[in-house]
Amino acid sequence: MEIVVDRLSIREGIEKRMTDSIETVLKLADGLLVVDVVGGEKISFSQSFSCPDCGINVDEIEPRSFSFNNPFGACPECHGIGYRMEFDEDLIIPDKTLSIAQGAIAAPGWQSVVNPDSYSRAILDAMAEFYGFDLDTPYGEYPEDVHDLIWYGTGGQRVEVHYTGRHGHGVYNIAFEGLLGNLQKRYRETGSETTKQEYESFMQITPCHVCGGKRLKKESLAVTVGDKNIAEISEYSIIDLKKFMDELTLTDRQKQIGRLVLKEIRSRLGFLVDVGLDYLSLARATATLSGGEAQRIRLATQ
Ligand SMILES: [Zn+2]
Ligand SMILES: [Zn+2]
């Protein structure tokens, strides 16, 4: 819904009326304003950092928006760590020429599948029965749909599991969550540090799929200076960063806004180059610096 608040032609002396109209609009429309230019295109304005077309809303940009140690700036998926530990199928099924019945699954809790009386075997037997595959096929030879059922689960479809345990024979309707989902659940739920470590030996460290290892939320990564976001700039070596800063072209207004911080950055970069640390990059974790390097950097920050 749109409300027409005023019609104006631009001329000397209408500033007061225009200001009043704009204020009225912003109050009425929650900070959104559209100017319908006669014979031209509509121009949208927003008081907040939001786009009226796609509904994206960005919080006010502050220094903490650019810190992955701060929940305000950190990627919500990996909480600013940048990587995740994920189960790796190649570690869980190390030999894909083996069948499940032969013990293809090496992960904890699943080695018992080789035993025809085990509960884990009963689940996979039920899966095989319901979906029409068998457990004697080498794991690597399953067609993709069967592989996905075993690895990712049935997506909620229940299968009838027949199992004889200590308490007698029972039939259970189970929606198998897949090897991956099952291992993730066990890993999450175990209280034992030793067991956790055992599971972790079947995991790989992979970059966070949301931030790609850049550790910041996407709104922060969308902020650029000279077409580069803070993650890209941090990856430059000091010498390349100095070059980038020297070649940065800014409008007069931008120069004025950034004057102090640019001066500060240039002087610190100059210092790092002078003390011979120009091969480092800002993204390099301080823990990996040699003692001498760390000391020279501490001097530059003082
Ligand atoms: Zn938009
Ligand atoms: Zn992330």
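In what follows, residues are counted from 1 in the order of the sequence shown.
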Nearest atoms (heavy-atom pairs only) where [X] meets [Y]:
{"X": "Pro76", "Y": "Lys217", "result": "CD-CB, 4.0 Å"}
{"X": "Asn229", "Y": "Ala231", "result": "OD1-N, 3.0 Å"}
{"X": "Asp136", "Y": "Asp134", "result": "N-OD1, 2.8 Å"}
{"X": "Lys228", "Y": "Ile233", "result": "CB-CG1, 3.6 Å"}

Among Ile, Leu, Val, Met, Phe, Trp and Tyr joined by side-chain contacts under 4.5 Å, find the other residues sharing a cluster with Val223 and list them by chain and number. Ile61, Phe66, Phe68, Leu216, Leu221, Ile230
Do we see a donor-acceptor contact under 3.5 Å between the side chains of Arg17 and Thr19?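 Not at all, the side chains of Arg17 and Thr19 share no donor-acceptor pair under 3.5 Å.
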Check step by step if salt bridge (Lys or Arg N to Asp or Glu O under 4.0 Å) holds for Lys242 and Asp246. CA-CA 6 Å; Lys242 189 167 182 304; Asp246 289 343; 3.5 Å; yes
Sub-6.0 Å ring centroid separation between Phe202 and Phe87: no
Nearest-0.5 Å distance, CE of residue Met127 to CD1 of residue Ile174: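 That separation rounds to 11.0 Å.
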Rounded distance (nearest 0.5 Å) linking atom CD of Gln204 with atom CG of Leu91: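 The CD atom of Gln204 sits 5.5 Å away from the CG atom of Leu91.
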Any link between Ile257 and Leu262 through a network of hydrophobic side chains (Ile, Leu, Val, Met, Phe, Trp, Tyr) touching at under 4.5 Å?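 No, no single cluster joins them.
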Do you reckon Ile92 sits in the same ILVMFWY cluster as Leu98, going by side-chain contacts under 4.5 Å, direct or chained? no
With Glu62 via salt bridge (Lys or Arg N to Asp or Glu O under 4.0 Å) - residues at least two apart: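 Applying salt bridge (Lys or Arg N to Asp or Glu O under 4.0 Å) to Glu62 gives Arg64.
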For His147 and Tyr152, take the angle between the two ring planes, folded into 0 to 90°, and tell me which bin it lands in: parallel under 30, tilted 30 to 60, perpendicular over 60. perpendicular
With under 30° as parallel and over 60° as perpendicular, where do the rings of Tyr236 and Phe244 fit, or are they tilted in between? tilted
Asn182 and its side chain to side chain donor-acceptor pair (under 3.5 Å) partner, picked from Arg186, Lys185, Gln184: Arg186
Would you say Leu241 and Leu269 make side-chain contact, with heavy atoms under 4.5 Å? yes
Find out whether Asp148 and Tyr142 are in side-chain contact, i.e. whether some heavy atom of one side chain is under 4.5 Å from a heavy atom of the other.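 With C-beta onward as the side chain, the pair stays apart.
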Is there a salt bridge (Lys or Arg N to Asp or Glu O under 4.0 Å) between Lys42 and Glu2? Walk through the geometry before answering. CA-CA 13 Å; Lys42 286 188 182 181; Glu2 289 182 359; 3.7 Å; yes
